[in-house]
Amino acid sequence: MAKDFPKRSEDYSQWYNEIVNRADLAEHSAVRGCMVIKPYGYAIWEKMQAQLDKMFKETGHTNAYFPLFVPKSLFEAEEKNAEGFAKECAVVTHYRLKNDEDNPGKLKVDENAKLEEELIVRPTSEAIIWKTYKGWIQSYRDLPILVNQWANVVRWEMRTRLFLRTAEFLWQEGHTAHATKKEAIDETKMILDIYADFAQRFMAMPVIKGVKSETERFAGALDTYCIEALMQDGKALQAGTSHFLGQNFAKAFDVKFTNKEGKQDYVWASSWGVSTRLMGALIMTHSDDNGLVLPPNLAPFQVVLIPIYRKEEEFEKVVEKLKEIKTQLEAKGISVKLDDRDTHKPGWKFAEYEFKGVPLRIALGPRDLESGTIEIARRDTLEKHSLDQSDIVTKVEHLLENIQSNLYNKAADYREEMTHKADTYDEFKNILEEKGGFIYAHWDGTSETEEQIKQETKATIRCIPLDSKLEEGKCIYSGKLSKQRVIFAKAY
RNA sequence: CGGGGUGUAGCGUAGCCCGGUUAUCGCGCCACGUUUGGGACGUGGAGGCCGCAGGUUCGAAUCCUGCCACCCCGACCA
């Protein structure tokens, strides 16, 4: 059991902060709103990256890199996009410092080094990328362009929380260009499927695929598709978005191509991204009052081996056996850490790895060597069993699979339990207040109603789910006709 | 950016209201010894610009002003 650790039920945000801290995932830096991602946290992000990168490449995308800075004139070209991000942009105005005569040893901005045109630190890269694409595209033969970049972006948020909302964050942003509207929409949806697939199979996090309402839409998009997940405090988290941009950016940057019929047309576009926010989603989906819980598919190491011994001679025998097991496991592609440090006691290590969410812990001691047994403990259920050493690799493989699916099922059950239907506004408010979670309710489709509900309850439309059936009903707020339920929730 | 709160050793804290010896305690850290199957114990030791800057005072962790950071609630946030 973790010592002095806050419970989720008592103080959820405190619990979250403590996990991030104590599991060595990240910490606040000397820069306001910016985090240092620590090695253990970064290792999880790298696993995410590797898998997503693979999925993007399997579907024909390639990586490239575009500049961090966007000249203001380019940034403002797509009006809605610029307007949407204007309030949270970091701006570079000068390119040089000089010695401050009044304060020896200090530097100050050299006013003579003012930039003629300010540079915006990218909050997203559509502008610089579409400016570039203009030079790449003349004919339908140049299309499609399927490019992704792994990058950092800056959004000057007022209130930040590690991983969930930081001023600088890491992400991938895909930017594609197509000859037809259909192709661009297909791309947008295909990426959404990749995101959902990744969330479910790797993060063990169930998500709902949907499309955003107009007010929640990405600035500059015609449609924003999203995956929405439910956290353990009943709040929703937008885990990824995929935007159909229509011809907005092509028009803003004058990107035309000649089609097969010899006519000029504007290029169709999509953009899509997931960020280090997924780390926050991962933490909040599975972790418990004993610390972090990681799904085997994303854990930096899936199994930790801990030797138990008294004397030097026992240590050697135990470690020898553990090394053998490590080799066998690794041959099957299982990632293993053997912690043979003699600076910490077994009990200390048990607590440490439990807190860090390592899916499986294997302990081996002198007694086991005699009896041919081995102790395996799983993090998700905290169950501990002494097993026969034979077929250990197969047992571990099964257990890892089992943990992965168990975590998904647990999260899915929780979401199921926290998903409600509301047919009246009173019912809606009651559920929000007493239970939280996702609420399926009818909505008249107007931004006014959406805004009113948000003002009065803090709940927003998370998405219009893609897979839900059409169903006649009346808007819970206005009583006007509605053809489909949408999902409301309080959100991060 | 508005309201509330916090900032003292790596972490958590006492002291602050009511200024006055050498800034309290626990965890952690270091050394030695005993230990090692769920966060060991003993003895000794190191570690402090009391968030930063200025002011009041003979004297400031303590009072005043400004700033910074963090936490909570808002506003803001695809």
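To find a chain, count down the sequence lines: A is the first, B the second, and so on, and within it residues start at 1.
Using a 4.0 Å heavy-atom distance criterion, A:W15 is classed as making no nucleic acid contact. Residue-level contact check: A:D342 touches neither bases nor backbone, having no heavy atom under 4.0 Å from any strand. As judged by a 4.0 angstrom heavy-atom cut-off over every strand, A:Q14 is placed among residues making no nucleic acid contact. Within the nucleic acid shown, A:G33 comes within 4.0 Å of sugar-phosphate atoms alone, with no base atom in reach, counting heavy atoms only. The residue A:R361 sits close to a base: some heavy atom pair falls under 4.0 Å. Nucleic acid contact for A:Y492: none, since no nucleic acid atom lies under 4.0 Å from a heavy atom of the residue. The residue A:S13 sits close only to the backbone: its heavy atoms come under 4.0 Å of sugar-phosphate atoms, none of a base. Nucleic acid contact class of A:H28 (heavy atoms, under 4.0 Å, all strands): sugar-phosphate only. Within the nucleic acid shown, A:K80 has no heavy atom closer than 4.0 Å to any nucleic acid atom. As judged by a 4.0 angstrom heavy-atom cut-off over every strand, A:R32 is placed among residues touching the sugar-phosphate backbone only. Using a 4.0 Å heavy-atom criterion, one finds that A:R310 contacts the bases of the nucleic acid, with or without backbone contacts as well.
In this structure, of B:rA75, B:rG37, B:rC72, it is B:rA75 that holds the atom nearest to the side chain of A:M158. In the set B:rG38, B:rA75, B:rG37, the nucleotide with an atom closest to the side chain of A:E354 is B:rG38. Side chain of A:E88, nearest nucleotide from B:rC77, B:rC72, B:rU36: B:rC77. Closest approach to the A:W348 side chain among B:rC77, B:rG38, B:rG39 is made by B:rG39 (side chain taken as heavy atoms from C-beta onward). Checking B:rA75, B:rG38, B:rA40 against the side-chain heavy atoms of A:K458 singles out B:rA75 as nearest.
In this structure, A:R22 forms a cation-pi arrangement with A:F355, its terminal cationic atom sitting closer than 6.0 Å to the ring centre and no more than 45° off the ring axis. The cationic group of A:K131 does not satisfy the cation-pi geometry with A:F253, failing either the under 6.0 Å distance to the six-membered ring centre or the 45° limit from the ring axis.
The NZ-C1' distance, from A:K454 to B:rC77, rounds to 8 Å in whole Å. Taking atom CD1 of A:I362 as the reference point, atom P of B:rG38 lies 17 Å away to the nearest angstrom. Counting to the nearest Å, the C1' atom of B:rC70 and the CG atom of A:L164 are 16 Å from each other. In this structure, NZ of A:K317 is placed 19 Å from P of B:rG37, rounded to the nearest angstrom. The separation between A:L364 atom CG and B:rG38 atom P is 15 Å, rounded to whole Å. The interatomic distance linking A:R22 (CZ) with B:rC27 (C1') rounds to 11 Å, in whole Å. Atom CG in A:L369 sits roughly 16 Å away from atom P in B:rG37 (whole-Å rounding). As a whole-Å value, the separation of A:H344 NE2 from B:rG28 C1' is 11 Å.
Pair assignment for B:rU24: none, as no Watson-Crick or G-U wobble contacts are both less than 3.5 Å. In this entry B:rU34 has B:rA40 as its Watson-Crick or G-U wobble partner, both defining distances falling under 3.5 Å. Pair assignment for B:rC1: B:rG74, on the basis of Watson-Crick or G-U wobble contacts that are both within less than 3.5 Å. When both pairing distances are held under 3.5 Å, B:rU13 makes no Watson-Crick or G-U pair with any nucleotide shown. Of all nucleotides present, none satisfies the Watson-Crick or G-U wobble test against B:rA61 with each distance under 3.5 Å. If you check B:rG7 for Watson-Crick or wobble pairing at under 3.5 angstrom, you find it paired to B:rC68. Checking B:rU56 for Watson-Crick or G-U wobble geometry (two distances, each under 3.5 Å) identifies no partner in any strand.
B:rU57 and B:rU62 have their P atoms separated by 16 Å, with the value rounded to a whole Å. Rounded to whole Å, the C1' atom of B:rC16 lies 16 Å from the corresponding atom of B:rG51. One P atom belongs to B:rU43, the other to B:rG28, and the distance between them is 14 Å to the nearest Å. Annotation: B:rC49 and B:rG54 have their C1' atoms spaced 15 Å apart (nearest Å). Between B:rG20 and B:rG59, the distance separating the two C1' atoms is 7 Å to the nearest Å. B:rG19 and B:rA61 have their P atoms separated by 14 Å, with the value rounded to a whole Å. B:rG15 sits 15 Å from B:rA9 when the P atoms are compared, rounded to a whole Å. For B:rG7 and B:rU13, the P atoms lie 8 Å apart once the distance is rounded to whole Å.
For A:K384 against B:rG38, a side-chain-to-base donor-acceptor contact under 3.5 Å is present.
The residues A:D288 and A:R8 are annotated as not salt-bridged, no charged nitrogen and carboxylate oxygen being separated by less than 4.0 angstrom. Salt bridge status for A:K212 with A:E228: present, with a side-chain N to carboxylate O gap under 4.0 Å. Salt-bridge check for A:E352 with A:K356: passed, with a basic side-chain N closer than 4.0 Å to an acidic carboxylate O.
Centroid-to-centroid, the aromatic rings of A:W130 and A:F66 stay 6.0 Å apart or farther. Aromatic pair A:F488/A:F428: ring centres closer than 6.0 Å.
Two residues, A:K212 and A:P366, neighbour RNA chain B, and the one matched to the more 5' nucleotide by heavy-atom proximity is A:P366. Between A:L162 and A:Q238, the residue whose closest nucleotide on RNA chain B is further toward the 5' end is A:L162.
Ring geometry for A:H61 versus A:F56: interplanar angle over 60°, hence perpendicular rather than tilted (30 to 60°).
Side chains of A:H94 and A:E111: a donor-acceptor N/O pair is present below 3.5 angstrom, by distance only.
Taking 4.0 angstrom as the limit, A:K87 places a side-chain polar atom (N or O) nearer than this to OP1 or OP2 of B:rC77. In this model, the phosphate group of B:rC71 is not approached by any side-chain N or O of A:R159 to a distance below 4.0 Å at OP1 or OP2.
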